[in-house]
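Here is the structure we will look at.
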Amino acid sequence: MTTQLIDTYPVFVPNQVLTSQQLNGVRTYLDDQTRLSRTKLTGTGIIGGFKVTYNKSAGTITISEGIGISSDGFLLVMDKPMEYTDYGSFENKAKYPPWGKYEGEPAPTTRYIELKEKAGKPIHELTPELLHNKIVVLYMECLEKVSESCTIDNADQAGKSMNYHLKALLVNVDELKPFYNSQYLIDDQTSLKIKRLNSVLTLDKITDRTLLQNTYYSIIDSHRTKLGNALLKAYKNYHSLLGLKYALGKEGFDDLIDDCLLKNTELKHGINKLSNQGASKHPYPYQYVFAYLRDLTHTHQEFIQTASRLNTHVLKNDLSFPKHLMLGRLRTNIDDIKDFEGLSAAMLVEKINLKGYDEYRQYFLQSCITDQADIIVFKAQLLFRKIIEMIECFKIPENPELLTLATPGGSKSGSADQPIPYYYNLNDHLNTKKYPRLADYWDATLTLEAAVHQNLSYHFLEANTITDTNFTTWKKEVLSDTAKNPFDYDGCDFEFYRIEGHLGKPLKTVFEDLQAIKRDHNIRFNIAVLRFTPPSAEDFKEEAYPFGAYAFVDFVKKYPGMEHQGGVQKGGTFILLIERIEETDTVIADFCLPYLDIIEYTKDV
């Protein structure tokens, strides 16, 4: 049915002698149209129910009531729970090839175990050993049977009937793998995350700038390789969905990742500077590199989670599984939790498998003709284009005239709703509309709503001095006033302020800029200043320290929980870490705390 649509059927005329071929042609045509309508207009997979539970103490497997559509359009229905206590070998009366057969692939020998309903004392009990590494499969047996009313003496009732029987089978996971499209699974890519600074070296152990730099370097250098490999895998798995022209392998997307993420790019340049600078007088702003990798990682995760919604159909070819539905791994009954006493929470969840994604269950795959599916495809394409633009646009500004600015929006650095950060060069990637290409893909929701002009960014703020002609043109003609002056509008939904443009600058300048931001825009956050060496009495005489200059290690011990987020929460404390470089106190890093109640040092301390 799925390979070739029957587009003709017989039309009968008066006094016509009908043949079995003509009558069966009508039946075949109607059956074909019905099943095609299910798969193309509705979808395939488990629509609801069909939960499988193994009760170890009772030795039973229960399949709840449910409904689903196989890849060939067969409707599989259970209107009440079915309990199985026994098993036996599967007798393939319909001569159905194991797991089907698709072009270019032979049908392997697959060993089925058929589950039997409760009928007195079990003959073959369902033991844990038997059920190990098994998945449950529903199979719609379509069996052609000769009519019993047809005899040698009376052939008037000659004919056959098509009988449908729903059978529950067990199959070993390993025997399914040759047919399994594992590239479409939610796999360990969704767990890819960049490490926190404190997980590598606790902050109270960081006593100087070199140690802080080296800790960031170890995170950045190890994570960029993992991220690069994850992006290569994502493109290989989903390239047919993305509509991009990059080829697979070398001289294609692999080279883009190599050149822009792993080799000779701004990122590699920054990593080299970070690894070689030691106690350089002018430290490289490594936190921007860290935040950039965090941005890419968050976007990669969002892409995988979006794209996987379109690929829950895990088989290599529809024809390989036309009359089956995979129900997934056996789930243990809640009554058997006592069997796992003493196990860790992670092991308990793994063994019981009471919730979560099951890669061996055919979740419902909605028809691709629906608007919702189109939106998911479009969002996945936007997210991957965003990744490419982020890779190509990354560049830390070297213009000392750029101001320290705060941009409202986003829960933290790396979140999907954050403004476009400081470290993306928008000028070199303008499209024909004189609008930065990255903004076209930055927020999928705004793009879908044709509202990319509402994106926020450090680069869009009215107060920022931009001398580039093209940048100024699109800034004036295209951007909305809410993007240029976001603090002039109701900001009750803004819970975070990105603060950028301050690393590597004199503390006095940065502090004055931040105080002006707080005053001019009427926003509330505290400012604390830290240094690695303990503050002296002279420090408190300087105008640059109205809040005092805390010793870094002492502060961390007293106020744990501070972290670099690229800004500060509304009502939080923004922390500037400084070091004296060439007689000037210079900002070398920043952190934040989600609260204000910092006890201030005074001259009497």
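Quick note: numbers below take in every heavy atom, side chains included, and nothing from hydrogens, waters or symmetry partners. Since the structure is predicted, the reported quantities are computational estimates derived from the model, not experimental observations.
You'll find the side chain of P128 reaches within 4.5 Å of the side chain of Y54, heavy atoms only. Using a 4.5 Å heavy-atom threshold, the side chains of E117 and E83 count as separate. Between I61 and V52, the closest side-chain pair of non-hydrogen atoms falls below 4.5 Å. Side-chain contact between K226 and I194: absent, with no pair of heavy atoms (C-beta onward) separated by less than 4.5 Å. For the pair T85/K116, no side-chain contact is recorded, criterion being any heavy-atom separation below 4.5 Å from C-beta on. Considering only heavy atoms from C-beta on, I420 comes within 4.5 Å of L438 through its side chain. Taking 4.5 Å as the limit, every side-chain heavy atom of K51 sits out of range of all side-chain heavy atoms of L327.
For F90 and Y139, the ring centers sit closer than 6.0 Å to each other. Between Y238 and F303, the gap from one ring centroid to the other is short of 6.0 Å.
Checked options T447, D440, T445; the residue passing with D443 is T445 (criterion: side chain to side chain contact (heavy atoms under 4.5 Å, CB included)). For the side chain to side chain contact (heavy atoms under 4.5 Å, CB included) criterion with L126, the lone passing option out of L115, N55, D86 is L115.
With 3.5 Å as the limit, one finds no donor-acceptor pair spanning the side chains of N163 and E141. A donor-acceptor contact closer than 3.5 angstrom is absent between the side chains of S71 and H324. A donor and an acceptor atom, one from each side chain of Y235 and D254, are nowhere located under 3.5 Å apart.
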Check: Given D72 and K323, is the salt bridge (charged side-chain N to carboxylate O under 4.0 Å, His left out) satisfied, shown in steps?
Finding: CA-CA 6 Å; D72 212 24; K323 295 184 177 68; 5.0 Å; no
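By the 6.0 Å contact criterion, CD on Q16 is enclosed, its count of non-hydrogen atoms from other residues, nucleotides or ligands being greater than 12.
F50 pairs by the ring pair (Phe, Tyr, Trp, His ring centres under 6.0 Å) definition with nothing, not counting sequence neighbours. With sequence neighbours left out, the salt bridge (charged side-chain N to carboxylate O under 4.0 Å, His left out) criterion links K379 to E302.
L18 and Q22 get closest at one heavy-atom pair: CA-OE1, 3.5 Å. Residues T39 and S70 come closest through the heavy atom pair CG2-O, 3.9 Å.
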